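Proteins come first, then strands; the chains are lettered A, B, ... in the order of their sequence lines, and each starts at number 1. Treat the numbers as computed from the prediction; the structure is a model and nothing was measured.
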Amino acid sequence: MEAYNHRAVEKKWQEYWDEHKTFHTENDFTKPKYYALVEFPYPSGQGLHVGHPRPYTALDIVARKRRLQGYNVLYPMGWDAFGLPTENYAIANHIHPKQVTENNVRRFKGQLKALGYSFDWDREVNTTDPNYYHWTQWIFLKLFNKGLAYKAEMPINWCTSCKVGLANEEVVNGVCERCGAPVIRKAQSQWMLKITDYADKLLEGLDDVDYIERVKVSQRNWIGKSKGAEVDFRLTGKEDKLRVYTTRPDTLFGATYMVMSPEHPYIEKYKDCIENYDELMAYREKASQKSDFERTELAKEKTGVAIRGLTATNPVNNKEIPIWISDYVLMSYGTGAIMAVPAHDERDWEFAKKFDLPIIEVVAGSDVPVTEKVYTDVETGTLVNSDFLNGLSVADAKVKITEFLTEKGIGNAKTNFKLRDWVFSRQRYWGEPIPIIHCDKCGFVPLKEEDLPLVLPEVESYMPTDTGESPLAAMTDWVNVKCPCCNGDAKRETDTMPQWAGSSWYFLRYTDPDNEKELASKEALKYWMPVDWYNGGMEHTTLHLLYSRFWHRFLYDEGVVPCPEPYAKRTSHGMILGSNGEKMSKSRGNVVNPDDIVLEYGADTLRTYEMFIGAFDLSASWSDEGVRGCRRFLERVWKLQDILTDGDAYSPDMNTKMHQTIKKVDNDYESLKYNTAIAALMSLLNDFTKKGAINHAEYKTFLILLNPTAPHITEELWQLCGFGGTITDQKWCEYDEEATKEDTVEIGVQVSGKLRGTIMIGVNEDKDSVIGKAKELETVKAVLSDKTIVKEIYVPGRIVNIVAK
RNA sequence: GCGGAUAUGGCGGAAUUGGCAGACGCGCUGGAUUUAGGUUCCAGUGGGCAACCGUGCAGGUUCAAAUCCUGUUAUCCGCACCA
């Protein structure tokens, strides 16, 4: 027997699979389909990270298993290649981003091939390919034509270092997610997508999909649906009403003041009657200059200014109350103004305490006076000081007051969402051009479908500008065009789309990647969609995952795709940390390069190790010793050849264990428990080694079970042993439920809950016989000698417990 | 502050969901092979001399708890003035 040479074996089979197109997926719509998907990577300059193989291997296992089970499997890969790092690298090294992308993709692809993934490389997609972003632009036009894409002048998160507007999701603790520089607010005209129109649909859609619970919870929280009411307060002596949103309309009688956001338009409108207008302006100025970070920092200490000369009247009791401004009220949520009920809202209470405003109890139930401690409980309280609501529970009061408001025309029930519209433009070069033309006469004019794709022009300088304009703006030849409507002078939109655009629909393109007439054919979409299993990072839960659900749901409403939800099942993997338990980074010096591991130990070892490292959804620390352990396992699998004997059926002494292992591995591969699947195979291997023999039938089964995890070595062994054909042509192993059951089992014997020994019993042995055996144990006799038996418990096949006093 | 998760030997982690805690791997100890180191193979390995004690900590339910309940601590990850 030759030694296990992973380099030769892996090279041989990778070439074989390539040549024979083993994993090519046909659009054969007669077979049952399975669509397994992993998030396509951003091809960064650093190359593949050891974190990448974890999810890729997990779903490669699923894909390979499904093929053995007879499914037509789609397991594709591509490149999410637009984005800032590439552009920055291009600027720094004077190479065109397109070239940078090509280089990086080549490297990534080589690395992925070296890991032996069963991707169908004929379906590779690249978001920067005009044939691809043709359809990204096409979807944008659809959104635009439905009024879901609009341009708005609004304060955006502006990264002072990247010089680019960021989505809320890209701002982390007030600094840029990418570069860590402070983020300030800056007014800029931006393309926005109305994801808020889909808030309810995105929320409801979660009920029908199989996502891991924490993903659902995060998305629900992010969408942030809340139910309440809008109420109009009269501005004393004015025509206008000041409208507020509240989730506690039941506490309306307890409103003792109001607070408007510093940006509220009424401040301008009633400038003339406001006595301290300058003071308000000064406060607003100060608030707007705060970065998000400072705003968060200072969150604990409430600030604000009372408006002099403008008051409001509570519509239910006609009490006149003051109006304040404070930055704890956000213009972007609700109506930009609130009624403050300090007795029953924590923030209002704090504010009232600080500025010495009255606190009136309207919900009784606290054992401490509301002037001492805020009372926010909604379960047990009873309404007081509230006229016709007195005596009601909070829930009943909410209903009654809402009816009252509606009847009197001073308010209505209202649902709000935390979800904000999606800032969709970037002042950058390396992104999809937005296919819109600005015409002074006609406004925003969309390109015609037949003029797509709008190709990103070659540009000399892609340096970002301080003015906030895209580098494309300097390309006058490209920018100046004739209006498609009136043929007058017009200009192209020079902002580009964010990186999230291309990844919001890429899974559709895989079903029909070369289609030039549609984003994918109806037939292909109908057959392949939805994705059966999608695995990706938790960090994308409120970004990519939500955005792509939004686009998909929109395309469903437009009749483009056949199902409302794109992903039937979503799982998430944990991070791979450095051996010191910290996140891998150059500065920490704990980075492991997958190329080195593949070279030294082989792809099969790396794959096996990453699956064995621990629970799939938890983060795990790298361990070189652990890698060696997995390599040893594969070496021992290799050596089983030495003890191979004839035999087309499992040998009697191994039969039960074989069926048990098939069942275990089968179930574990399905439920993200790759670590215990491998442990089961290791345990089986130990049995064969101990026994000193494995027959053909047993080895075949062993190799098929291991194949999805370690595809190269199992192919090679299959061939070396002359089992016929290749292992990828075989059928997945079946197990017989009956055969997994033991005839005799060893069970524990407890006396009063303490383990005293074990006995061998037949699975069908009756209670008396089992208890009898248990009592014969010397250790049991010894403990029972001076006690009387109170109770005898036998759980069939599990345990005996003799309770004695 | 709110939400979510996690806590088990020297280490990574198992435990059929209430039924012999520590599967499997790493590491370690001893032995065999080897000129030696490495590799490989065999045996052992939660703590304690023992009775016993052991799943972050304190209670509780149960014949029986890592698992269920109550309280509590620590760590990690989201979100963060959303009215």
Side-chain angles (χ1 to χ4, degrees), chain A residues 3 172-174 213-215 217-218 220-222 224-226 228 244-248 251 259 292 295-296 298-300 302 326-330 332-341 345-348 350-351 416-420 538-539 541-542 574-575 577 579 581 608-609 612-615 617-630 632-633 635-636 639 660 663-664 667 673 675-686 689-690 740 745-759 790-804:
Chain A
V172 177
N173 290 331
E213 200 51 33
R214 53 197 180 122
V215 168
V217 169
S218 289
R220 285 195 186 110
N221 290 344
W222 189 261
K225 184 173 183 167
S226 78
V244 300
Y245 172 70
T246 177
T247 54
R248 294 293 304 276
T251 61
V259 188
D292 273 14
R295 232 170 144 139
T296 312
L298 299 169
K300 280 137 211 155
K302 295 269 182 295
S326 172
D327 63 3
Y328 86 87
V329 175
L330 311 172
S332 55
Y333 184 79
T335 63
I338 61 157
M339 66 175 200
V341 185
D345 180 278
E346 218 155 304
R347 293 149 305 179
D348 298 344
E350 255 180 66
F351 194 85
N416 263 326
F417 296 92
K418 286 189 201 174
L419 188 68
R420 297 274 76 95
M538 272 311 285
E539 71 275 20
T541 301
T542 53
M575 262 204 296
L577 306 171
S579 50
T608 306
Y609 172 64
F612 187 61
I613 192 167
D617 57 333
L618 299 178
S619 56
S621 304
W622 187 264
S623 152
D624 289 325
E625 286 76 24
V627 175
R628 281 197 279 278
C630 289
R632 258 197 295 265
F633 166 61
E635 300 252 13
R636 296 176 69 205
K639 279 195 224 156
Q660 285 173 343
K663 181 180 179 180
K664 174 91 181 137
N667 289 339
K673 293 162 88 175
N675 52 338
T676 49
I678 293 165
L681 287 169
M682 287 174 168
S683 169
L684 181 61
L685 171 82
N686 290 344
T689 312
K690 231 168 237 157
T740 63
V745 285
E746 188 183 34
I747 62 165
V749 176
Q750 297 177 337
V751 177
S752 300
K754 265 195 183 122
L755 188 71
R756 294 295 170 185
T758 59
I759 50 172
V790 183
K791 201 173 178 186
E792 289 168 346
I793 294 160
Y794 171 52
V795 182
R798 291 283 159 83
I799 204 155
V800 170
N801 191 5
I802 300 168
V803 186

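- Counted by atom type alone, A:Tyr609 and A:Asp624 present zero donor-acceptor pairs between their side chains at under 3.5 Å.
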query = Going 5' to 3' along nucleotides 24-34 of chain B, which nucleotides have protein heavy atoms under 4.0 Å from the base (write B), which only from the sugar-phosphate (write S), and which from neither (write -)?
reply = BSSS-------

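- Two residues, A:Gly614 and A:Glu746, neighbour RNA chain B, and the one matched to the more 5' nucleotide by heavy-atom proximity is A:Gly614.
- In this structure, A:Arg214 does not reach the B:U6 phosphate: none of its side-chain N or O atoms is under 4.0 Å from OP1 or OP2.
- Comparing the same atom, P, in B:G13 and in B:G60 gives a spacing of 32 Å after rounding to whole Å.
- For the C1' atom pair drawn from B:U33 and B:U75, the interatomic distance equals 47 Å after rounding to whole Å.
- Stem regions for RNA chain B, each three or more consecutive Watson-Crick or G-U pairs with both distances under 3.5 Å and listed by first number, read B:1-7 with B:73-79, B:10-12 with B:24-26, B:27-32 with B:40-45, B:56-60 with B:68-72.
- The residue A:Lys690 sits apart from the nucleic acid: no heavy atom pair falls under 4.0 Å.
- As rounded to the nearest Å, B:G9 and B:G46 have P atoms that lie 13 Å from one another.
- Rounded to a whole angstrom, the distance from the P atom of B:A15 to that of B:A7 is 12 Å.
- Comparing the C1' positions of B:A51 and B:U70 gives an interatomic distance of 33 Å, to the nearest angstrom.
- Rounded to a whole angstrom, the distance from the P atom of B:A66 to that of B:G56 is 10 Å.
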